[in-house]
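Below you'll find the structure, written out as structure tokens, and then a few comments.
Computation of the quantities below employed the complete heavy-atom set of this structure, encompassing side-chain atoms and omitting hydrogens, waters and symmetry-equivalent molecules. Convention: sequence-line order gives letters A, B, ...; per-chain numbering from 1. Keep in mind that what you see is a predicted model, and the values were worked out from it rather than measured.
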2 protein chains.
Amino acid sequence: MKPPSEKSAGRRKSRPSFEPLQPHEIELADFFVRMAGILGVPRSVAEIYSLLYVSSGPLDFDHIQGRLGMSKGSVSQGLKFLRDHEMILSVKEKGARRERWQPTPSLAASLVALLRSQVLPALEQAQPSLQRVLADVQKLGAQPEVIERLSRLNRWNSRALELAPLLLPPPGA
Amino acid sequence: MKPPSEKSAGRRKSRPSFEPLQPHEIELADFFVRMAGILGVPRSVAEIYSLLYVSSGPLDFDHIQGRLGMSKGSVSQGLKFLRDHEMILSVKEKGARRERWQPTPSLAASLVALLRSQVLPALEQAQPSLQRVLADVQKLGAQPEVIERLSRLNRWNSRALELAPLLLPPPGA
DNA sequence: GCGTAGGTTCAAAAATTATTGAAACATCAG
DNA sequence: CTGATGTTTCAATAATTTTTGAACCTACGC
């Protein structure tokens with residue numbers, strides 16, 4: 001009636017079976033999940049990062065999947081996201097097949113990269129759009145009040161684009 | 001067979017019928033919707049703000065609903081959100097029944113209020129949590145590396161809380 | 001090459017979040 | 001008060017986002 005005990009001897013090619021998360025691991029994950037939420041980063045990604053963050057050494061794919069109890073797909077996509085945003089590093093041991101992951105040394109740098117990737121494209125895309133809108137309302141003879149608002153918005157956007165490289169320096173700078 | 005022409009004479013208590021959005025209004029809305037998306041603000045809220053932003057005078061409830069073609073519920077909730085975050089002001093004309101809305105003078109201040117409301121509570125809630133996690137891993141005798149990471153996270157959080165009032169000053173400061 | 005460990009992709013399912021609209025509530029003019 | 005206008009609430013629905021898992025690549029050791 002009971003399933004074969006997980007730790008019991010019969011270890012053929014047993015699926016490894018991982019420890020469930022400890023209370024402190026869960027609490028930290030909650031923290032990261034909340035913060036990630038503000039930036040629109042999905043829960044599973046935050047959970048992966050959090051786990052790597054409290055773990056002593058780098059973890060491989062199966063460990064992550066096992067301890068978090070999440071699907072292969074999610075782990076793969078989550079690691080991709082974290083890689084793309086330079087939030088984790090792989091530690092390749094020579095002669096080893098699988099990659100093992102750990103957080104990059106600086107969480108600050110990671111957050112900057114994340115912000116960059118969200119904000120910069122939006123600002124860049126906005127530029128021509130805002131200029132068109134301003135031109136339109138001028139042509140249509142809108143109230144000075146509205147023209148003033150839109151001018152200010154335009155100036156803001158331009159300045160943000162100029163400042164961005166300083167506040168959110170690209171990786172190699 | 002055809003519905004009574006909207007502009008035609010028969011104006012009993014005709015539902016007012018509003019102009020569809022102009023191209024430039026749509027383009028600006030796209031901009032605001034995108035920006036709002038970064039902060040997790042719903043589309044309908046961004047659309048309302050955008051409309052008020054390009055409009056010459058303050059608009060009332062029905063105007064907003066009519067021009068954006070959105071439900072009463074959405075307009076009500078959207079205005080509530082914008083009010084709560086001090087992004088719009090109502091202009092009460094004496095003797096008038098309905099309220100009319102316009103954006104607050106400073107979009108910058110609005111954004112600060114918005115950030116505040118998202119980030120501050122998260123930081124405050126995190127404080128005790130992070131301290132517990134740190135205490136736990138110390139008690140459990142984790143690697144110095146992990147303890148160091150969590151200490152830094154704690155320090156960060158504390159400093160962010162200290163700095164918050166400066167960077168994100170509360171309304172009356 | 002061949003087989004397989006290791007990982008990715010992506011369509012379908014689940015979970016979450018936003019919107020709607022009808023009923024309830026509030027407030028003001030008469 | 002009363003009735004109409006103006007607004008909010010909230011359960012139901014729709015839209016969107018996230019997760020899953022099975023099929024599919026890919027590269028390496030043999």
Main-chain N/O of A/Leu150 paired with A/Asn154 side-chain donor or acceptor, under 3.5 Å: yes
With salt bridge (Lys or Arg N to Asp or Glu O under 4.0 Å) as the test, would you mind laying out the steps for A/Asp60 and A/Arg100 before giving the verdict? CA-CA 4 Å; A/Asp60 67 32; A/Arg100 302 169 72 223; 5.3 Å; no
Between B/Asp62 (CG) and D/dA4 (C1'), how many Å, whole number? 14 Å
Classify the nucleic acid contact of B/Arg100 as base, sugar-phosphate or nothing, counting any heavy atom under 4.0 Å across all strands shown. nothing
Provide, to the nearest angstrom, the distance between the CD atom belonging to B/Gln77 and the P atom belonging to C/dA22. 16 Å
When rounded to whole Å, the NE2 to C1' distance for the pair A/His63 and C/dG7 reads 18 Å
Side-chain contact check for A/Ser71: nearest option of D/dT20, D/dT8, C/dT9 is D/dT20
Tell me: CD1 of B/Ile88 to C1' of D/dT7, nearest whole Å? 13 Å
Contacts of B/Gly73 and A/Val75 projected onto DNA chain C by closest heavy atom; the upstream (5') one is A/Val75
Heavy-atom distance under 4.5 Å between the side chains of A/His85 and A/Val41, does that happen here? no
Check this for me, if you would: do B/Asp84 and B/Lys80 make a salt bridge, where the nitrogen-to-carboxylate-oxygen distance has to be below 4.0 angstrom? yes
Atom CG of B/Asp84 and atom P of D/dT9 are separated, to the nearest Å, by 10 Å
Under 3.5 Å between N/O atoms: give me all the protein pairs with nucleotides 28-30 of chain C, atom names plus distance.
residue : atom : partner : partner atom : Å
C/dC28  : O4'  : B/Arg97 : NE           : 3.3
C/dC28  : O2   : B/Arg97 : NH2          : 3.3

Within a strict 4.5 Å, meaning less than it, do heavy atoms of the A/Thr104 and A/Ile88 side chains meet? no
Rounded to whole Å, please give me the gap between NZ in B/Lys80 and P in C/dA26. 15 Å
Tell me the interatomic distance from B/Gln65, atom CD, to D/dT8, atom P, rounded to whole angstroms. 12 Å
Taking the side chain as everything from C-beta on, heavy atoms only, tell me whether B/Phe31 gets closer than 4.5 Å to B/Ser50. no
Regarding the side chain of B/Arg98, the nearest nucleotide among D/dG6, C/dT8, C/dG6 is D/dG6
Tell me whether B/Tyr53 contacts the main-chain N or O of A/Arg149 through its side chain, where contact means a donor paired with an acceptor under 3.5 Å. yes
Could you tell me whether the phosphate oxygens of D/dT20, OP1 or OP2, come under 4.0 Å of any side-chain nitrogen or oxygen in A/Ser74? yes
Give a yes or no on whether a donor-acceptor pair under 3.5 Å exists between the nucleobase atoms of C/dG7, that is its base, and the side chain of A/Lys72. yes
Scan residues 29-49 of chain A against DNA chain D and write down, sorted by residue number, each residue with any heavy atom closer than 4.0 Å; if none is found, say none. A/Pro42, A/Arg43, A/Ser44
Residues in side-chain hydrogen bond (donor to acceptor under 3.5 Å, both in side chains) contact with A/Ser56, at least two apart in sequence or another chain: none
Is there side-chain contact between B/Leu89 and B/Trp101, with at least one heavy-atom pair below 4.5 Å? no
Grab the CG-P distance between B/Leu68 and C/dT19 for me, whole Å please. 11 Å
